[in-house]
*Asks:* 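Dumping the structure here so I can ask a few things about it.
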Amino acid sequence: MFYNSTRNSEVKVTSAEAITQGISVDGGLFVPESIPELSLDEIKAVGDMKYADRAAYVFSKYLTDFTDAEIHYCTDNAYSTKNFESESIAELAHLFDGTYMLELWHGPTCAFKDMALQILPYFLTTSAKKINLDKKIVILVATSGDTGKAALEGFKDVEGTSILVFYPEDGVSPMQKRQMKTQEGSNVGVCAIKGNFDDCQNGVKAIFTDEDVKAQLAENGIVFSSANSINWGRLVPQIVYYVSAYAELVKDGEIALGDKINIVVPTGNFGNILAAYYAKHMGVPVNKLICASNINNVLTDFINTGVYDRNRQFYATVSPSMDILISSNLERLLYLMTGRDDAIIREWFGKLSAEGRYEVSADVKAKLNEEFCAGFCDDEQTKSTIHAIYEKYGYTCDTHTAVAVKVYNDYREATGDTTKTVIASTASPYKFSAAVLEALEGKSSDIDEYAKVDRIAELSKLDIPAALADLKNKPERFNDVIDKADQKQYVLRTLGI
Ligand SMILES: *Cc1c(COP(=O)(O)O)cnc(C)c1O
């Protein structure tokens, strides 16, 4: 299996090269040259494996330059109860008649990004070895909260790597800040920037492309890499849990082999739902892919009209990980839907960066409508959904998952479609404790973060994840706060250059 760039179909690299490079030199994203197929019998057989082996099975179709031993080294290290609080890794909870919650948040940082960021470091170091990249890999991350912590946990103490995370001093939740300041590991660094997320992000991007920095890194045997969701190494682990969930439903007798399911995904950067699309085209029987957004509903409009327009007001919501106006992974979907037309992708994404807007062809719009449905809801609806689900089923979900539940309920009401449905549950309710508690109790309260966590535990009867329970007692290790202008010097100094 080779990988092409969405902006140049002539580019042809191995998976090890795609994963170490992250993004193609032409600015395009790496895409496998074909989608490997799984027969129904293969999918059924996956249900009899433990999660790490399910993952290895799917990876063997995509990472064909990896040996079996290399793939198992990655999966066994990433998907074990050492890192996940659930034996099944991705837990399938039966919510109500024919609806299942795919809980992707039993990892070390309590959000679904762990599913990919626990394995990415192993993919990256294995890939580097395979292409004889005899250098130390330094991961630079700008984060608005979830990605930074998940990347820190993934890369901590992984040999041959180090990681440095920048976050906006006043732009993350108190819990997220504490999670990062108390990070353990001998190869990690965390620093706050006096500025907003864009300042952090722009600083990191500028350092990546700085010629002087590049020269100094080369002299010191170091390369930079990125852990963000445009890397194929972050997308491929997400395909696994959809195959896994389907196999599980068959095994549990909830569906018959071959029955179709719907999949609902609370969406931001379009990575998670794109993985569901890949699973479908590998052979998982799927009826509709339902794309759920918060009030930053650029994707709802796109799927319903074929016009992508980021020129609109940006809102900060109670589901902050979906507060995104540019969904990078959409580029991969459109590349596939145009029959791998790199010229048209260059045109549309050129327009997106120049004018903030593009419109797809009638043919692509028809394909979008055939496979996807889309909807959105606001913060009030998100909170009332958390409340309603709790009252009705005694199940507590986080704000992002609640957006998906609300959009699914609307879909079911509008269409009468009763196909069994899997909803991706992307974060532990404890992670967004303020909004979740407000929703459960129907009023806001001014007790501190830890008291809120305890109160949610009383109401939900869910165990507090060990990683969050420990937080109170952990010493703070990282208290640096710097001006954005000093980011480059900070990186060089931290690397000992
Ligand atoms: C990142 C994130 C999302 C959005 O996922 P995408 O792959 O970016 O679409 C949804 N929910 C939570 C909790 C997240 O952290």
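Just follow the structure's listing: the first ligand is 1, and inside any ligand the first atom is 1. The model shown is predicted, which means the values in this text are computed figures rather than measured ones. All heavy atoms count here, side chains included; hydrogens, waters and symmetry mates do not.
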*Asks:* Between Phe270, Phe349, Tyr358, which is the residue that forms a ring-ring contact (aromatic ring centres under 6.0 Å, His included) with Tyr308?
*Replies:* Tyr358

*Asks:* Quick one: are the ring centres of His400 and Phe112 less than 6.0 Å apart?
*Replies:* no

*Asks:* Going by the atom numbers of ligand 1, which of them fall below 4.0 Å from some non-hydrogen atom of Thr426?
*Replies:* 10 (C), 11 (N), 12 (C), 13 (C)

*Asks:* Does the gap between the ring centers of Trp232 and Tyr278 come in under 6.0 Å?
*Replies:* yes

*Asks:* Which ligand 1 atoms are under 4.0 Å away from a heavy-atom of Gly271?
*Replies:*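 In order of numbering, the contacting atoms are 6 (P), 7 (O), 9 (O).
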
*Asks:* Hey, are the side chains of Thr401 and Met101 touching, using non-hydrogen atoms and a 4.5 Å cut-off?
*Replies:*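 Heavy-atom side-chain distance check passes, below 4.5 Å.
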
*Asks:* Counting only heavy atoms, which portion of Thr267 has something under 4.0 Å from ligand 1: side chain, backbone, both, or neither?
*Replies:* both

*Asks:* Pick from Phe66, Phe123, Tyr79: which one makes a ring-ring contact (aromatic ring centres under 6.0 Å, His included) with Phe59?
*Replies:*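 Filter result, single survivor: Phe123.
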
*Asks:* Can a donor-acceptor pair be found, under 3.5 Å and without considering hydrogens, that links the side chain of Asn262 to the backbone of Lys288?
*Replies:*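 Yes, because the side chain of Asn262 sits within donor-acceptor range (under 3.5 Å) of the backbone of Lys288.
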
*Asks:* How far is atom 8 (O) of ligand 1 from its nearest protein heavy atom, and which residue and atom is that?
*Replies:*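 Ranking protein heavy atoms by distance from atom 8 (O) of ligand 1, first comes Asn269 N, 2.7 Å.
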
*Asks:* Would you say Gly268 has any N or O atom under 3.5 Å from an N or O of ligand 1, going by distance alone?
*Replies:* yes

*Asks:* Quick one: are the ring centres of Tyr100 and His94 less than 6.0 Å apart?
*Replies:*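 Yes.
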
*Asks:* Taking 4.0 Å as the limit for heavy-atom contacts, which would you say applies to Lys113 with ligand 1: side chain only, backbone only, both, or neither?
*Replies:*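 Looking at Lys113 and ligand 1, just side chain atoms fall under 4.0 Å.
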
*Asks:* At less than 4.0 angstrom from any non-hydrogen atom of Asn272, what atoms of ligand 1 do you find?
*Replies:* 7 (O)

*Asks:* For Asp417 and Tyr411, which I'm curious about, is there any donor-acceptor pair between the side chains at under 3.5 Å?
*Replies:*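 Per modelled atom types, Asp417 and Tyr411 side chains form a pair under 3.5 Å.
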
*Asks:* For ligand 1, indicate whether the residue Phe270 contacts it via side chain, backbone, both or neither (heavy-atom separation under 4.0 Å).
*Replies:*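 Backbone only; the side chain of Phe270 stays clear of ligand 1.
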
*Asks:* Which protein heavy atom lies closest to atom 3 (C) of ligand 1, and at what distance to 0.1 Å?
*Replies:*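 Ranked first by proximity to atom 3 (C) of ligand 1 is Phe112 CE2, 3.6 Å.
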
*Asks:* Below the 3.5 angstrom mark, is there an N/O of His400, backbone or side chain, next to an N/O of ligand 1?
*Replies:*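 So ligand 1 has no N or O lying under 3.5 Å from an N or O of His400.
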
*Asks:* At less than 4.0 angstrom from any non-hydrogen atom of Ala427, what atoms of ligand 1 do you find?
*Replies:*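 Those qualifying, in numeric order: 13 (C).
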
*Asks:* Short list, please: which atoms of ligand 1 are under 4.0 Å from a heavy atom of Pro266?
*Replies:* 4 (C), 10 (C)

